[in-house]
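For reference, the structure is listed below as structure tokens.
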There are 2 protein chains.
Amino acid sequence: MAEEHLKLENQICFSIYAAAREMTKLYKPLLEKLDVTYPQYLVLLVLWEEESITVKEMGQRLYLDSGTLTPMLKRMETAGLLYRHRSPKDERSVIISLTDQGKEAEKEASTIPFQLVEQLGMEEEELVQFKASLGKTLERVHQKNQE
Amino acid sequence: MAEEHLKLENQICFSIYAAAREMTKLYKPLLEKLDVTYPQYLVLLVLWEEESITVKEMGQRLYLDSGTLTPMLKRMETAGLLYRHRSPKDERSVIISLTDQGKEAEKEASTIPFQLVEQLGMEEEELVQFKASLGKTLERVHQKNQE
DNA sequence: GTAAATTAGATTGTGCACAATTAAATTATA
DNA sequence: TATAATTTAATTGTGCACAATCTAATTTAC
């Protein structure tokens with residue numbers, strides 16, 4: 001029998017880890033109309049915001065490295081959602097931008113956040129506070145990982 | 001430019017998703033002495049609690065399916081941490097139990113949760129509340145996924 | 001008792017996720 | 001200016017994570 005502090009339920013990281021996966025699963029049916037995976041949806045979210053961004057910047061926004069991004073972006077390029085091209089200013093950099101198809105997808109996506117939050121069934125106040133704690137935690141942990 | 005509700009920063013799931021990955025990364029150096037990955041560490045946490053459990057139950061505890069568990073448990077068996085054997089009572093079931101090595105590993109693991117929480121730098125009160133929201137969210141989302 | 005339905009775990013196929021490494025381009029230094 | 005150091009994205013290798021499928025065992029229905 002494990003000591004109290006080693007119990008699974010008391011591991012905050014486990015709850016985050018499991019919740020992240022469960023929430024991603026909740027997105028799956030909502031993303032069918034876009035025909036994208038959850039990480040791809042995140043890429044689109046960023047591109048709808050920026051329209052054009054380097055792989056490096058995308059990685060910074062999503063806390064993902066090029067090992068993950070490159071194959072994913074390639075698949076999205078193949079699917080007609082985005083373009084990838086070398087920057088003329090710095091040939092090491094690859095710029096990602098939306099195709100018309102990718103831009104159009106935003107319309108279909110506009111209800112998704114509401115649908116998701118609705119399924120959470122959380123009070124507004126709790127949601128705001130929870131989001132704040134999450135944001136702070138993410139920044140703090142990311143910073144720790146940078147050290 | 002994306003509408004406000006489609007901005008990345010406003011997606012609660014993104015924060016959870018990113019925080020989960022960043023926290024898992026924070027565990028990596030702490031888990032070196034055990035020579036296990038984070039998901040493997042979770043398996044050990046459960047086994048230190050239960051000592052013996054079926055693959056099905058393990059999956060229920062960790063919200064993982066056998067597609068993920070079977071290869072992971074095989075690797076852990078190979079590493080000498082646990083045994084896997086068919087249940088005599090129901091030959092479809094596989095029981096997982098700790099080896100002596102697996103049991104011993106608990107001692108080395110006992111400081112890890114403290115080390116992790118220390119790195120979070122969170123106030124006790126905030127941590128308690130955060131954990132509560134996480135727990136509730138996990139249950140709610142899991143339930144939604146069961147429907 | 002027998003056949004149909006369900007269950008548990010294994011397997012197959014695909015998409016991440018990340019550490020380490022590589023090649024080319026750019027920046028910093030002497 | 002030439003060389004060393006750093007940066008960017010791609011690649012390689014390994015470990016998940018999950019949907020779909022399969023096989024064998026067990027349970028349920030008749």
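Naming: A, B, ... by sequence-line order, numbering from 1 per chain. Not measured: the values here are computed from a predicted model.
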Item to complete: Determine the contact category for A/Tyr38: base if any of its heavy atoms lies under 4.0 Å from a base atom, sugar-phosphate if only primed atoms, P, OP1 or OP2 are that close, otherwise nothing.
Response: nothing
Applied to residues 7-34 of chain A, the ring pair (Phe, Tyr, Trp, His ring centres under 6.0 Å) test, sequence neighbours excluded, yields A/Tyr17-B/Tyr38, A/Tyr27-A/Tyr38, A/Tyr27-A/Tyr41
Worksheet item: Any side-chain heavy atom of B/Ile96 sitting closer than 4.5 Å to one from B/Tyr83?
Response: no
ask   = Which is true for A/Thr37 with a 4.0 Å heavy-atom rule: it touches a base, it touches only sugar-phosphate, or it touches nothing?
value = sugar-phosphate
Would you classify A/Ser66 as touching base, sugar-phosphate or nothing, given that sugar-phosphate means primed atoms plus P, OP1 and OP2, and contacts are heavy atoms under 4.0 Å?
base
Between CG of B/Leu73 and P of C/dA8 the distance, given in whole Å, is 16 Å
Pairs under 3.5 angstrom, nitrogen or oxygen only, protein versus nucleotides 22-25 of chain C, please.
unit_1 : atom_1 : unit_2  : atom_2 : d
C/dA25 : N3     : A/Arg92 : NH1    : 3.4

Report task. Would you classify B/Leu64 as touching base, sugar-phosphate or nothing, given that sugar-phosphate means primed atoms plus P, OP1 and OP2, and contacts are heavy atoms under 4.0 Å? Result -> sugar-phosphate
Whole-Å distance, B/Leu62 CG to D/dC16 C1', equals 13 Å
In short, salt bridge (Lys or Arg N to Asp or Glu O under 4.0 Å) pairs touching residues 122-133 of chain A with sequence neighbours left out are A/Glu126-B/Lys136
Whole-Å distance, B/Asn145 CG to D/dA17 C1', equals 14 Å
Q. Is A/Glu106 paired with A/Lys103 through a side-chain N to carboxylate O contact shorter than 4.0 Å?
A. no
Is the count of non-hydrogen atoms from other residues, nucleotides or ligands lying under 6.0 Å from B/Gln115 atom CD greater than 12? yes
Here the salt bridge (Lys or Arg N to Asp or Glu O under 4.0 Å) pairs for residues 66-86 of chain B, sequence neighbours left out, are B/Glu77-B/Arg84
Whole-Å distance, B/Leu31 CG to C/dC18 P, equals 15 Å
**Item:** Distance test, side-chain N/O of B/Arg84 to OP1/OP2 of C/dA8, below 4.0 Å
**Value:** no
Rounded to whole Å, CD of B/Gln40 lies from P of D/dT14 at a distance of 15 Å
message = Strictly distance-based, threshold 3.5 Å: is any side-chain N or O of B/Thr137 a donor or acceptor partner for the main-chain N or O of B/Ser133?
response = yes
- Task: Examine distances only and state if a side-chain atom of A/Trp48 and a backbone atom of A/Val43 form a donor-acceptor pair shorter than 3.5 Å.
- Result: no
* Asked: Charged N to carboxylate O under 4.0 angstrom, B/Glu22 versus A/Lys144?
  -> no
### Query
Can you tell me if A/Ser87 uses its side chain to pair, donor with acceptor, with the backbone of A/Ser93 under 3.5 Å?
no
B/Asp65 CG to D/dA19 C1', in whole Å, measures 8 Å
Per the under-4.0 Å heavy-atom filter, residues of residues 74-82 of chain A near DNA chain C come out as A/Arg75
Rounded to whole Å, the CE-P distance (A/Met72 to C/dC18) equals 10 Å
Separation of D/dA25 atom C1' from B/Arg86 atom CZ, nearest Å, is 9 Å
Taken to the nearest 0.5 Å, the spacing of A/Leu26 CG from B/Cys13 SG works out to 8.5 Å
Open item on the list: OP1 or OP2 of D/dC16 versus the side-chain N and O atoms of B/Thr68: is any pair under 4.0 Å?
Closed with: no
Within residues 15-28 of chain A, the residues having a heavy atom closer than 4.0 Å to DNA chain C are none
